[in-house]
Structure formats: structure tokens, C-alpha cells
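Numbers restart at 1 for each chain; the letters A, B, ... are given by sequence-line order, proteins then strands.
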Amino acid sequence: MIVFSGDLDKAIASFILANGAAASGKKVTLFFTFWGLNILRKSEKVPVAKTFIGQMFGMMMPRGSRKLSLSRMNMLGMGAKMIRGVMNNNNVSSLEELMASAIHQGVEIVACQMSMDLMGIRQEELIDGVKIGGVGYYLGKADQSGINLFI
Amino acid sequence: MIVFSGDLDKAIASFILANGAAASGKKVTLFFTFWGLNILRKSEKVPVAKTFIGQMFGMMMPRGSRKLSLSRMNMLGMGAKMIRGVMNNNNVSSLEELMASAIHQGVEIVACQMSMDLMGIRQEELIDGVKIGGVGYYLGKADQSGINLFI
Amino acid sequence: MIVFSGDLDKAIASFILANGAAASGKKVTLFFTFWGLNILRKSEKVPVAKTFIGQMFGMMMPRGSRKLSLSRMNMLGMGAKMIRGVMNNNNVSSLEELMASAIHQGVEIVACQMSMDLMGIRQEELIDGVKIGGVGYYLGKADQSGINLFI
């Protein structure tokens, strides 16, 4: 799966699919690119040298999974809180638990090299367990895969 | 196909693809999740017991295919009317006709169990002919399918 | 790949994937539909007879790749300029170069017949090298393809 979007709802969908597929014995690779990279950012600021543009991107984009917005009905974050609330009430794992579980189940988490360069994001700013790869790496994996999605 | 989006334009695209594929003899499954569920809602209010959050979701989200907005250029519904107008002028079936035709052609319409639970939507509120299934059901179908899309 | 979206960021992603796949020897077809058609429009106005609705669509939608907006953080075009700037600074080809390179590499660029009819867009208004095809054409190509994406 390519995770292009950085919306909370699509991030949840990606990890539910990834966990489901991994649980049924499939090998899963998630390739995070563009806004999707934000899902993988650590929530704390990591001191790394950046260009001016890199600093601007870093400041303006959500830092990590807890800061993501819904693709619609976000209502200044209230919608995101509502979704997190109903997930909790229905005993659905939170996005952060889904991410930990995916990594634990061996889902491969790959960050797009080129997007990182463009947005000035360094590996140290991403959560642990993330690999870095390019479009060639994605295509190689996609070629071996029975189900390919762009999210 | 996973239909995650509840936008009018993407709903139309989903059903045109589904009808085209079914017409050429393929077995098609559409799996509606998150905002996509709104496409399947009946246009009239159905009296069912709901939690407070379920009532809020029910009220704030569009009830059925006729209430959907465009993903862009919606302009308070004028864009949606324009698209419906040009479809009519060009003798393209309306979304509602495309949906009826898909069901008639045997396209399988599946609503995501977990999304229904989260948003408090009950089967009685969905149009007739909809199956309920989970992510496992989707993965089983996707595995047998030559073309998988996330819309 | 179906390119449904007319966002600058998704257009760039589509053509990076297409060029990467073509470079590794794969046959690639990009099928542009709905807002994606705008990516293929010539930047200059082409004098063709249009209905009133066709004129409105033509005026309100971005004319060609240089007018596209980002799917988020567009900020009245400043975000789009920022992305183009960092691509240039990082020696990544511009969208227009990626498009030329894709065509040069033999990537098949197909415009959706039905969307063109609905939005009143004529072949003369599209860049050179674009084929016209319907949903049946797409399905035929997708069927032979190992990787299918909806962007």
C-alpha cells in the first residue's frame, strides 16, 4: 500500500487493513509518501539541522499520529476527537496501538526517500522501525504483491 | 474496490467502474467503509435506537446518495447539481440508476461492520441488498481479484 | 493507474510512479478522468465551440498542469510554489518535465471519453500525445496489469 494521505481516517484505514492482512499470514509493506510521512513523525521536536523551507514544512505539518486531522468533518479537531472516542468506546485499538501492532506483526514500514528530502524530514524525526526507500523499492514490492492500494 | 470516500464524484466513478466490469462478465465486490457508508444510507430517517454520538454522526453526515457533495467545486451544492445536470444531458445514468443497475448485475455491495459500529449506523438504515462484512471478508475477496482499488 | 484527482501533489506522485515503472521496463497506462483531466489541458485557451455549461467548467477548473493546487496546505497557491521550489532545489524534475519524460518513455496517456463529454472538454484542448478511451479501455488494460492504483 502507498499511504500518500496524512488524514487520520485514512491512516486508521491503512493500519486496519495492514494488521488484518498480516494476521492472515500475508507479507505487508506500507510505503509512506508526501503527507503520509507525517503519520510517522515522532511527536516531540527532534533537534536536527534544517533549511529554512524544511523548518517551515516541519512547523506547518502535523507532527505525528496524534496531531492528524480527519479528511472531512474535522471541525478544528473535534471530529478527530469524536472518532478517537468512539473507537475507544467500541474497543477498537487506537491508531497508535494499530501502528505498534503492525510493526510487531512484521508489517514493513517504509518512508519515501524523495518526499523526506523535499520536506526536509530526517530519519531521526521518524518513529523507530521505519526503513527508508525510493520509488524503485516500492515498485519491487508492489510487483510481488497480490493487493496494491493507493490511500 | 474499497469505497472509503463519500464524495458524489468518487461514488459515481466507483459505480461506473463496477457496472463496466460487471457488464464484461467480471465478479465485482464494492466494500463501503467510513464516509463511503453514507452512499448506502436510505434517504429517509429510519427510527432506530442510537447512542448520543451515533445520533450526532447520523445528523451531520449526508443521508444517502442524493445528499452527497463533490470533492471539489461543490459550491454549497451547486457543483453537485451541475454534475447531475450534465450527466442527464449526456444521457449518462444518474448515480441512483448506476447503483440499481450494479445491484441488478450482481455486483456485491458490502458495508464495513466496524465502520457501522463506530458511526452508529444500523443495517435497517441502509438500502436493500447490502451485505455486512469485516476487513477479513474484504481481504478474502481482494485476494481473488485481479483489480483492486481504494477510492 | 486511474488519475481521478487534479491535485498537484497527486499528479506529481502519478508521474513519478509512471516514470519509475516505465524505466524498469514495464508498460504503463495512465487513465485520466474527472478532475484529473485538468492535468492534461493545454495552458492556453483553445477556441472550440462549447455549451454554456462546458464554458463554465472550462473557466472554473485549472487550465493545465501549471495551474494545479495542492490537496492541502495550498494557501492560495503559495504551497504549490513551495513544492515546486523544493523540487527544483533538490534536482527533482518538475511536473512538466515528468510528463514529457513519461510520454517519451512510452507511457500511455488516456483521457476518459465520458468525463470529457460531461465537462465539455475537446481533444484539441488537451496536450499532444493523449489518446481518448472509455471505461472499457481502462478495464482491458487494468486486467493485464500487475499493479493497479486509483489516485
Whatever's closer than 4.5 Å to a heavy atom in chain B on A/Asn148 counts as backbone
Would you call B/Phe4 and A/Ile151 a side-chain contact if the rule is heavy atoms closer than 4.5 Å? no
Is any side-chain heavy atom of B/Phe150 less than 4.5 Å from a side-chain heavy atom of A/Met1? no
With a 4.5 angstrom heavy-atom cut-off, which part of B/Leu149 approaches chain A: side chain, backbone, both or neither? backbone
Would you indicate whether the side-chain heavy atoms of B/Phe34 and A/Ser71 approach each other to under 4.5 Å? no
The interface call for A/Lys26 against chain B, heavy-atom contacts under 4.5 Å, is side chain
For residues A/Val86 and B/Met119, determine if any side-chain heavy atom of one lies less than 4.5 Å from a side-chain heavy atom of the other. no
Of the backbone (N, CA, C, O) and the side chain (C-beta and beyond), which part of B/Ile2 lies under 4.5 Å from a heavy atom of chain A, both, or neither? side chain
Please tell me if the side chains of A/Leu17 and B/Tyr138 come closer than 4.5 Å, counting only heavy atoms from C-beta onward. yes
So A/Arg72 and B/Asp7, do their side chains get closer than 4.5 Å, heavy atoms only? yes
Would you mind reporting whether A/Ile83 and B/Phe57 have side-chain heavy atoms less than 4.5 Å apart? yes
Contact class of A/Met87 relative to chain B, heavy atoms under 4.5 angstrom: both
Output the distance between atom CD1 (A/Ile16) and atom OG (B/Ser115), rounded to the nearest 0.5 Å. 7.5 Å
Is there side-chain contact between B/Asp143 and A/Ile147, with at least one heavy-atom pair below 4.5 Å? yes
